[in-house]
*Asks:* 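Questions regarding the structure given below will be posed in turn.
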Amino acid sequence: MLHIGCHLSASRGFAAMGRQALELGANTFQFFTRNPRGSKAKDLDPADASALRDLMARHGFGPIVAHAPYIMNPCSKDDGIRRLAEKMMREDLALMEHLPGNYYNFHPGSHVGQGLEAGTHLIADMLNRVITPKQQTVVLLETMAGKGSEIGGRFKELRQIIDQVERSEKVGVCMDTCHMSDGGYDIIGNLDAVLEEFDQVVGLDRLHAVHINDSMNPPGSRKDRHARIGEGTLGTETILRFLTHPALRHLPFVLETPTDDAGHGEEITLLRQLAEKV
Ligand code: FE
Ligand code: FE
Ligand code: ZN
């Protein structure tokens, strides 16, 4: 069973997202734990979380992905920003305990001139402080386009973080197809070779989710501008290869393409149809 969905607005609550996913033909989805550019936490209604868990079980959903806000930078030079990142992640992981067995994805951060060593050390340090032995959420590091001093543009940078985390069984990776191509990985020409490299450097057993986005920019551009499926430089073929790859097809796939809910519904329907024919 292919698990495919899109990013949804969390403003109407958990169960509402589940119902909306169903309407769009999705059986997974992603949401921001709080305003993506703000920091205020959402109030949690345990009954709402429980209603979503029921809906997901009844409808055979794959795991869902909570996305940390973009402003979170655990490897900032500014310790106020780092403390805020830690506070947000701690609160978000507490919230996710109401939806056990799902994922919490974050952008590793930008080291802003401190260098890769210092940056990965700060990220791992924060993870070592917030991850608890009993937590039921795996935290995912997203593969990034590598713009500016962004960490996570190379697989070995993710490895470097994971190597410094004590409870590394609680840490995995979420691939982003736009970011990988923009970062210079040849997923258009040779996905097998890219996955082979990922397996050697990080390990495919660490890979838990994939963001499926086309890209507005050519491979290696380090830009990070998402395009709708089939309207960018990756093309529908490249995305389909992810959805149907024997090493990937069991994973939840989430669209973060620049369109509205109805547009995502169309992309989900189209990709399901095409994936079935492969
Ligand atoms: Fe992201
Ligand atoms: Fe992404
Ligand atoms: Zn992106």
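As the structure is a prediction and not an experimental result, all values here were calculated from the model. Residue numbers run from 1 in the order of the sequence given. When reading the values below, keep in mind they use all heavy atoms of this one structure, side chains included, and skip hydrogens, waters and symmetry mates.
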*Asks:* Would Lys147 and Asp224 pass as an ion pair if we require N to O under 4.0 Å?
*Replies:*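 Yes, this pair counts.
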
*Asks:* Any heavy-atom pair between the side chains of Ile151 and Thr120 that's under 4.5 Å?
*Replies:*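 Yes - at least one pair of side-chain heavy atoms lies under 4.5 Å apart.
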
*Asks:* Are the side chain of Asn102 and the backbone N or O of Leu99 linked by a donor-acceptor pair below 3.5 Å?
*Replies:* yes

*Asks:* What class does the angle between the rings of Phe61 and Phe29 fall in, given that below 30° is parallel, 30 to 60° is tilted and above 60° is perpendicular?
*Replies:*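 Rings of Phe61 and Phe29: perpendicular, over 60°.
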
*Asks:* Salt bridge or not for Glu86 and Arg82, using N-O below 4.0 Å?
*Replies:*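 No salt bridge links Glu86 with Arg82.
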
*Asks:* Do you know which two heavy atoms are closest between Thr257 and Ala227, and how far apart they sit?
*Replies:* CG2-O, 3.3 Å

*Asks:* For the pair Arg167 (side chain) and Asn128 (backbone), establish whether a donor and an acceptor sit closer than 3.5 Å, ignoring hydrogens and angles.
*Replies:* no

*Asks:* When the ring centroid of His250 is compared with that of His208, is the distance short of 6.0 Å?
*Replies:*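 Ring centroids of His250 and His208 are no less than 6.0 Å from each other.
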
*Asks:* Return yes if some donor-acceptor pair links the side-chain N/O of Asn217 with the main-chain N/O of Lys223 below 3.5 Å, else return no.
*Replies:* no

*Asks:* Please determine whether a side-chain nitrogen of the Lys or Arg among Lys134 and Glu97 lies less than 4.0 Å from a carboxylate oxygen of the Asp or Glu.
*Replies:* no

*Asks:* Does this structure show an ion pair linking Arg83 with Asp79, if we count only N-O contacts that are shorter than 4.0 Å?
*Replies:* yes

*Asks:* Give a yes or no on whether Tyr104 and Leu207 share a hydrophobic cluster (residues Ile, Leu, Val, Met, Phe, Trp, Tyr; joining criterion: side-chain heavy atoms under 4.5 Å apart).
*Replies:* yes

*Asks:* In terms of relative ring orientation, are Phe198 and Phe155 parallel, tilted or perpendicular, with 30° and 60° separating the classes?
*Replies:*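 If you compare the ring of Phe198 with that of Phe155, the planes turn out perpendicular.
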
*Asks:* A side-chain contact here means heavy atoms from C-beta on lying under 4.5 Å apart; do His3 and Leu251 qualify?
*Replies:*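 His3 vs Leu251: side chains apart.
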
*Asks:* Any non-hydrogen side-chain atom of Val139 less than 4.5 Å from a side-chain atom of Tyr103?
*Replies:*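 Not in contact.
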
*Asks:* Output yes when a side-chain donor or acceptor of Arg206 lies under 3.5 Å from a complementary backbone atom of Cys174, and no otherwise.
*Replies:*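 No, because the side chain of Arg206 does not come within donor-acceptor range (under 3.5 Å) of the backbone of Cys174.
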
*Asks:* Taking the six-membered ring where the residue is Trp, are the ring centres of Phe14 and His98 under 6.0 Å apart?
*Replies:*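 No, they do not, as the ring centres are separated by 6.0 Å or more.
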
*Asks:* Would you say the side chains of Gln160 and Gln164 form a donor-acceptor pair under 3.5 Å?
*Replies:*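 Short answer, no.
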
*Asks:* Examine distances only and state if a side-chain atom of Thr244 and a backbone atom of Leu240 form a donor-acceptor pair shorter than 3.5 Å.
*Replies:* yes

*Asks:* When rounded to the nearest 0.5 angstrom, what distance separates CG in Asn213 from CG in Asp176?
*Replies:* 4.5 Å

*Asks:* side-chain contact (heavy atoms from CB on, under 4.5 Å), that's the test. Do Asp214 and Glu231 meet it? Break it down for me.
*Replies:* CA-CA 7 Å; Asp214 213 322; Glu231 295 181 3; 5.6 Å; no

*Asks:* Do His67 and His107 have their ring centres less than 6.0 Å from each other?
*Replies:*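 His67 vs His107: aromatic centres under 6.0 Å.
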
*Asks:* List the atom of Glu142, the atom of Pro108, and the distance in Å for their closest heavy-atom pair.
*Replies:*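 Shortest heavy-atom contact: O-CD, 3.5 Å.
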
*Asks:* Is there a donor-acceptor pair under 3.5 Å between the side chain of Thr143 and the backbone N or O of Met180?
*Replies:* no

*Asks:* How about Val202 and Ile162: do any of their side-chain heavy atoms sit closer than 4.5 Å?
*Replies:* yes

*Asks:* Does Lys170 reach the main-chain N or O of Thr137 with its side chain, forming a donor-acceptor pair under 3.5 Å?
*Replies:* no

*Asks:* Do His7 and His211 come within less than 4.5 Å of each other through their side chains, counting heavy atoms only?
*Replies:*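 A side-chain contact under 4.5 Å is absent here.
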
*Asks:* When you compare the side chain of Ile64 with that of Gln30, does any pair of heavy atoms fall below 4.5 Å?
*Replies:* no

*Asks:* Determine, step by step, whether Glu276 and Arg272 satisfy the salt bridge (charged side-chain N to carboxylate O under 4.0 Å, His left out) criterion, reporting the C-alpha distance in whole Å, the side-chain angles of both residues, the deciding distance to 0.1 Å, and the verdict.
*Replies:* CA-CA 6 Å; Glu276 258 167 39; Arg272 268 196 205 287; over 6 Å; no

*Asks:* Using 4.0 Å as the upper bound for N to carboxylate O, is an ion pair formed by Arg225 and Asp182?
*Replies:* no

*Asks:* Would Leu122 and Met126 show up in the same hydrophobic cluster when neighbours are defined by side-chain heavy atoms closer than 4.5 Å?
*Replies:*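 Leu122 and Met126: separate clusters.
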
